[in-house]
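The analysis underlying the following values was restricted to heavy atoms, covering all of them including side chains, and did not include hydrogens, waters or symmetry mates. Letters A, B, ... mirror the listed sequences (proteins, then strands); counts begin at 1.
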Amino acid sequence: MKTLEIKDLHVAVKDEDTQKMKEILTGVNLTIHTGEVHAIMGPNGTGKSTLSETIMGNPRYHVTQGDILLNGKSLLKQAVDVRARAGLFLAMQYPAEIKGITNMEFLRAAINARRPEGAPIPIKDFLTQLDSALAILNMTSDMAERYLNEGFSGGERKRNEILQLLMIKPTFAILDELDSGLDIDALQVVSKGVNHVMGPDFGTLMITHYKRILKYIKPDQVHVMMGGRIVKTGDASLADRLEDEGYSGLRDELGIHVDLVDSEV
Amino acid sequence: MSEPIMKKLPELGLFPNEPAWFTDIRKTALKNYRNTKLPRFAKVHYEDWQLGELMTQVKPSIDQEMDCSTNDYILCTLATALMKHEKLVEKYYLQKALTTLTDRLVNFSTAFVNAGSFLYIPANTKLTKPILLPENSKTKFEQEISHNLIILGEGAQATIGIQSNGAGTAKTGHRISEIVLEANSHLNLINLDDFTAAQPIYLNRQASVGENAHLNWSIGSFSDGNVIAEMNAELVGRRAVATINNAAITSGKQTQGMNTRVTNFAPHSVGKIRQRGVILDESRLVFNGIGKIIHGAHGTIAEQENRILMLSDKASGDANPILLIDENDVEAGHAASVGRLDKKQLYYLMSRGLSKPTAKRLVVRGFIGELAKEIANPQIRQSFQKSLERKLPNA
Ligand SMILES: Nc1ncnc2c1ncn2[C@@H]1O[C@H](COP(=O)(O)OP(=O)(O)OP(=O)(O)O)[C@@H](O)[C@H]1O
Ligand SMILES: [Mg+2]
């Protein structure tokens, strides 16, 4: 069993306009083991993507306190690519598009990055894996030949993130709003993709606003994030409650002082 | 300089049995040479590259008489062509593509021409196999000053790949190419420039595109030394189409300056320039993209895009689009940029485990490799990509 541990994590980001550091995460604690599914819910702007990007190692986010540990070893000094090869994966809320590089080239490079130098994956093995991953996600092979995310619709990009997940087979995957932008059928297909990698050697952290995806990917724990930290943890029923009551009920119950922009609606 | 050169002319590199009209052209060029200026390459300083100067005794080489003609086309040295196909050479040499000898380098090259090939594809000959010309002439030139002629007769079709990696052993190399597309002909032309770092090179490539003819021109500017290059397509016939795709990489301390020009002379002609450049180390790359529409060329299209990716703080680059339009009924557009690697793209690739050098390489290759995809012939495309890879750094 492997473990991803977030300890008292404080994260700041530099505001591009004012050049001032702004604290976003204010002490996040979270432990995920392989074999588990965790979900994080929380209002817009509360720091869910910040948490995901910081775990992955996006250099824009600065850890000011606390630690991120993979199997007991701190990741803080590791660059994003090292963390990726160590087993982390982030399906991004807004994946970049890159002209001139085909999806296929990129996937091969990603797989080869995990193999010893001078021993790239045999092309036949690669194509076999690719075909089966495409089939799971109802994707056509011309999607693999297109430039990376270029001109992809919102839903296609999400699907493409999961294609990468299937090919790369990480130990821990963070799925940041995988469900947003997906139509009802696509949500099922993409969930099927995630469930395909699920198992005792895989742990996932899902960020979502809706309980719908949790119907297809069943969480062991649901966390609520507000004001830059996790304020409550429960089982799947917590998601139901949030959907019924919104975040203000929970905020008041816990006596937390955070502004919820949309709480009066 | 001019005086010793004048003295040398009689004894210097005339071709075997060179026709008098040809020698007369040399003489005119030599006269012009004395009172013309170096051509202008905006923002490129090449005055001290010693181009347009005679380095050694220029003699034609020993294998000037090579002939590789087939049943379908004529392919031989210029020297051979002057003997075997004099009328054809006379019809095209400095007559259609390059018609005025305006600057010092073109005059120098014309006065002292000592090499070159002649390729003539007769009317309605449709070649299915590409013609591959390695221009790393096995010949023994000291200072190569060559003039190449490529002619497609009416309705001819061909793919021609030309790879160049050296121009003799002297300090400089000069190479002029004239490309003539007669009406309704169709040419895919791929120039792969891999000149070594040892010599500054002057390239002047002039294409004339006739009525309804199509020129698809890809250039890989992957040389290691200093290069100035003129690439020019003139759309002289109605509905003529020319696309110039130029991919350039500079590295080390080299400078490459390129004037890439398309001129719409005829109505309904279409000219497109796409240049992509990557600048490394302490090098310099300048794209001057020139689109010109002559009065009366109505219903024409002139487009250009010049993009440069700068990968080093010590490098410098310029992308200058110039549009000169003397006609109202046209579609013209240009885009230019000099940028750096996109951090978001790098982060995305690295988040999948790619090391920074690999990620950079992929982004750069994607940026410039897009032009490679325009080359239809797989064999030539592969050589193109190979050259490109060689020129990109590993780390
Ligand atoms: N790179 C950045 N530069 C400046 N501000 C940032 C940056 N990233 C995040 N922020 C700010 O940090 C706060 C948290 O953003 P984050 O994207 O983590 O929220 P989120 O919980 O994922 O929201 P959503 O549900 O809308 O996706 C926001 O106020 C956001 O504007
Ligand atoms: Mg978010």
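Residues A/A84 and B/S351 approach most closely at CB-O, 3.4 Å, considering heavy atoms. Between A/R85 and B/L354, the shortest heavy-atom contact is NH1-C, 4.2 Å.
Around atom NZ of B/K391, more than 12 heavy atoms belonging to other residues, nucleotides or ligands sit under 6.0 Å away. Within a 6.0 Å radius of CD in B/Q382, no more than 12 heavy atoms belonging to other residues, nucleotides or ligands are found. Heavy-atom contacts from other residues, nucleotides or ligands closer than 6.0 Å to NZ of A/K169 number more than 12. A/H196 NE2: 12 or fewer foreign heavy atoms inside a 6.0 Å radius.
Interatomic distance, OH of B/Y348 versus CG of A/L148, reported as 5.0 Å (0.5 Å rounding). The CE atom of B/M350 sits 10.5 Å away from atom CZ of A/R83, with the distance rounded to the nearest 0.5 Å.
Contacts of residues 89-128 of chain A with chain B at a heavy-atom distance below 4.5 Å involve A/F89, A/L90, A/A91, A/M92, A/P95, A/A96, A/E97, A/I98, A/K99, A/G100, A/I101, A/E105, A/F106, A/A109, A/A110, A/A113, A/R114, listed in sequence order. Close approach to chain B, defined as a heavy atom under 4.5 Å from one of its heavy atoms, is seen in A/E53, A/M56 of residues 47-56 of chain A, taken by number. Chain A is approached within less than 4.5 Å, heavy atom to heavy atom, by B/F367, B/E370, B/K373 from residues 367-380 of chain B, ordered by number. Among the residues in residues 330-347 of chain B, those with a non-hydrogen atom closer than 4.5 angstrom to a non-hydrogen atom of chain A are B/K344, B/Q345, B/Y347.
For the pair B/K356 and A/D81, the minimum side-chain heavy-atom distance is 4.5 Å or more.
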